[in-house]
Every structure is written in structure tokens, then in C-alpha cells.
Amino acid sequence: METISENRCFGGTQGVYSHKSGTCGVDMTFGLFLPEEAEHAPVPVLWYLSGLTCTHENAMVKAGAQIWAAEHGIALCFPDTSPRGEGVADDDAYDLGQGAGFYVNATQKPWAPHFQMWDYVVDELPRLITANFAIDENRQSITGHSMGGHGALTLAMGLPGRFQSVSAFSPICNPMNSDWGRKQFAAYLGDDEAKWAAHDATMLMEKQGFDGPLLIDTGTADQFGDLLKTESLAAAIATRRQPAQLRLQKGYDHSYFFVNTFIEDHVAFHAEALYS
């Protein structure tokens with residue numbers, strides 16, 4: 001593992017690191033904020049999964065989460081959204097290929113050799129950070145924005161017992177019925193839609209739900225509202241009687257100004273679960 005940068009931040013350290021990923025077959029970069037408490041004992045971690053076109057850097061710089069994570073003594077991990085580099089498959093469209101891994105393990109050519117983002121986020125990167133930093137592997141929660149909100153919800157429901165809590169900002173809620181999903185799932189996973197359901201938050205909610213606290217914020221002025229399918233997940237939550245907070249925030253759009261406005265709420269929400 002290579003240290004790209006480390007900066008003092010709200011009493012802790014904001015670092016950026018790269019490593020050779022055996023899962024993705026290329027060098028991967030991630031950000032990790034460690035609060036001051038990590039100098040003395042392992043701390044819980046909140047994973048932040050970013051959206052389309054983003055890298056590890058977007059949320060690390062724009063979300064404003066570090067001040068609140070420092071207040072609660074929580075680490076923040078910011079993975080990249082896909083493998084990158086020479087020899088990694090890509091597409092001219094912004095919503096497929098590099099920057100658009102959708103947090104799945106691709107099985108189709110040309111994506112399969114590198115696009116193994118589910119295993120990377122679920123297995124390889126957690127093992128790396130717990131081996132090298134003061135992270136408590138038994139206390140983890142997850143959040144994300146847009147495509148990353150989709151990833152947070154599907155990982156939390158797909159891995160019962162892994163995460164103490166889950167939240168999402170403007171998540172893609174029903175990708176099997178959205179242009180932000182059908183195109184990517186067909187490319188990465190093939191045409192058998194039965195294999196897509198494990199990566200659809202609405203389908204997972206209908207099937208099994210989440211055994212823990214759940215928080216979702218979406219803006220009423222979100223310019224991608226038709227693609228997010230928030231109403232589908234809301235209906236599944238109601239039908240299942242899943243304990244959840246699903247908040248429609250008046251006038252807010254899809255931007256990081258929206259995320260920055262409500263990130264304090266989300267970090268406090270996860271802190272309550274991680275320290276309960």
C-alpha cells in the first residue's frame with residue numbers, strides 16, 4: 001500500500017492511499033479519515049459509496065462529513081467507484097465503464113476481468129484497512145449517494161449482519177426498472193434478469209428487508225427523479241413494514257449541496273447505531 005497524502009483534519013487525519021488490487025487486477029485508490037480516537041484504540045467505520053462519474057475524492061472533499069465523524073469518533077472510508085487505467089474496459093457514455101461500476105461483480109466481457117466492485121468493497125478493501133489502520137471490523141455502517149446509495153442499500157440488505165445501519169442520499173432505488181440500471185446490468189451481468197434482483201434495493205426490500213435502522217433522503221427537485229424510482233422503494237418499505245425514515249426534502253436537487261446539507265444527520269444516525 002502506498003500513501004499518496006495525509007493531512008491533519010479536525011483533530012484526526014485524512015489520508016489517500018493506493019494499492020494493487022487482486023480483486024480488480026489494477027491499482028485502486030481510496031480515501032480514509034481517521035478521528036483522533038484512532039490514535040488510542042480501534043474505531044467504528046462508516047463507508048461512503050459515491051455516484052456516477054465520481055472517484056474517491058468527490059465525497060471526501062465535497063460532502064463535509066469529516067467534522068461530524070470527528071465529533072462522534074468514527075472513521076470514514078471513501079472507495080473509488082470502479083477500476084481505472086490502461087487496459088480497463090470503458091465506454092463513451094458517462095454511466096457505463098470507468099466511474100460507473102454499480103457495485104456489482106461483472107460476469108460479461110469486456111467487463112469481467114476488472115469490474116469486481118462488490119467483492120472489492122465487501123472483502124478486499126475492508127481486510128486492507130482493518131489490517132493497516134485502527135478500524136473495528138465489528139462496527140461498520142454504510143451510506144452513499146445516487147449510484148452509491150444503490151450500492152449502500154444493496155450491500156446492507158445483501159449481507160445480513162455486516163452493517164449496523166444504512167443510509168442513502170438520492171439512491172437509485174429500482175434499477176431493474178430504470179435506465180440507470182437496465183443498461184448497466186445487461187452489460188455487466190448479462191440478459192438473465194433473475195441475476196439482477198440481488199442488486200436492486202426494491203427487490204431486496206420485498207424479499208428480505210434490513211434488520212437495522214434505515215434512513216433515506218431524496219430532494220423533491222432532484223433532476224434525476226424519474227431514474228431513481230424512489231416511489232418503488234417506498235412502496236416496498238410500506239408493504240414490508242420495514243422500520244425506516246424516508247424523507248423527501250423540499251426543493252433540494254441531486255447535487256453535493258444537498259448531501260452537504262444533510263450529512264450531519266446521517267453521521268449522527270450512524271453514530272447512534274455504531275455506539276449502541
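- Aromatic ring centroids of Phe133 and Tyr17 lie under 6.0 Å apart.
- Enclosure of atom CG in Asp211 is not indicated, since only 12 or fewer non-hydrogen atoms of other residues, nucleotides or ligands lie within 6.0 angstrom.
- By the 4.5 Å side-chain criterion applied to Ile, Leu, Val, Met, Phe, Trp and Tyr, Phe269 is assigned to a cluster that also includes Leu215.
- Scored by the ring pair (Phe, Tyr, Trp, His ring centres under 6.0 Å) test, His145 finds His254, Tyr256 as partners (sequence neighbours excluded).
- Counted within 6.0 Å of NZ on Lys195, heavy atoms from surrounding residues, nucleotides or ligands total 12 or fewer; the atom is thus considered open.
- Annotation: Phe10 is not in aromatic contact with Phe33 [ring centroid separation under 6.0 Å not met].
- When atom types are taken as modelled, the side chain of Arg139 and the backbone of Val43 share no donor-acceptor pair closer than 3.5 angstrom.
- Of the possible donor and acceptor atoms, none in the side chain of Ser141 sits under 3.5 Å from a partner among the backbone N and O of Leu46.
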**Prompt:** What's the verdict on side chain to side chain contact (heavy atoms under 4.5 Å, CB included) for Glu71 and Ile67, showing C-alpha distance, side-chain angles and the deciding distance?
**Reply:** CA-CA 6 Å; Glu71 182 175 295; Ile67 186 172; 6.0 Å; no
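- Counting heavy atoms of neighbouring residues, nucleotides and ligands inside a 6.0 Å radius, atom CG of Asp191 does not exceed 12 of them.
- Atom CG in Leu155 sits 5.0 Å away from atom CD1 in Ile142 (nearest 0.5 Å).
- Formation of a donor-acceptor pair under 3.5 Å by the Ser18 side chain with backbone atoms of Thr29 is not found in this model.
- Judged by distance alone, with hydrogens and angles left aside, the side-chain atoms of Thr143 form a donor-acceptor pair with the main-chain N or O of Ser167 at under 3.5 Å.
- Other residues, nucleotides and ligands contribute more than 12 heavy atoms inside 6.0 Å of the CG atom of Asn132.
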Show me the donor-acceptor pairs, under 3.5 Å and distance only, between side chains in residues 47-57 and residues at least two apart or in other chains.
from	atom 1	to	atom 2	distance (Å)
Trp47	NE1	Gln140	OE1	2.8
Thr55	OG1	Glu57	N	3.0

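- In this structure, Arg8 places its CZ atom where more than 12 heavy-atom neighbours from other residues, nucleotides or ligands lie under 6.0 Å away.
- Considering all non-hydrogen atoms of both residues, Thr130 and Pro126 come closest at OG1-O, 2.8 Å.
- A donor-acceptor pair under 3.5 Å is absent between the side-chain atoms of Asp95 and the main chain of Trp180, judged by distance alone.
- Under a hydrophobic clustering in which Ile, Leu, Val, Met, Phe, Trp and Tyr are joined whenever their side-chain heavy atoms come within less than 4.5 Å, directly or via other members, Leu233 and Tyr252 fall into different clusters.
- Here the OG1-CG distance, from Thr81 to Asn58, works out to 8.0 Å after rounding to the nearest 0.5 Å.
- For the pair Val122 and Arg162, the minimum side-chain heavy-atom distance is below 4.5 Å.
- The main-chain N or O of Pro213 is never found under 3.5 Å from a side-chain atom of Gln164 such that the two would form a donor-acceptor pair.
- Gln116 places a side-chain N or O within 3.5 Å of a backbone atom of Ala106 that can act as its donor or acceptor partner.
- Looking at Asp200, its side chain does come within 3.5 Å of a backbone N or O of Met176 through a donor-acceptor pair.
- Residue Phe257 places its CZ atom among 12 or fewer non-hydrogen atoms of other residues, nucleotides or ligands, all under 6.0 Å distant.
- Within a 6.0 Å radius of CG in Asp27, more than 12 heavy atoms belonging to other residues, nucleotides or ligands are found.
- For the pair Asn260 (side chain) and Lys62 (backbone), a donor-acceptor distance under 3.5 Å is present.
- Residues Arg182 and Glu193 are paired through a salt bridge, judged by an N-O separation under 4.0 Å between the basic side chain and the carboxylate.
- Side-chain atoms of Gln242 come within 3.5 Å of backbone N or O of Phe210 as a donor-acceptor pair.
- Side-chain contact annotation: His199 with Thr154, donor-acceptor N/O pair under 3.5 Å absent.
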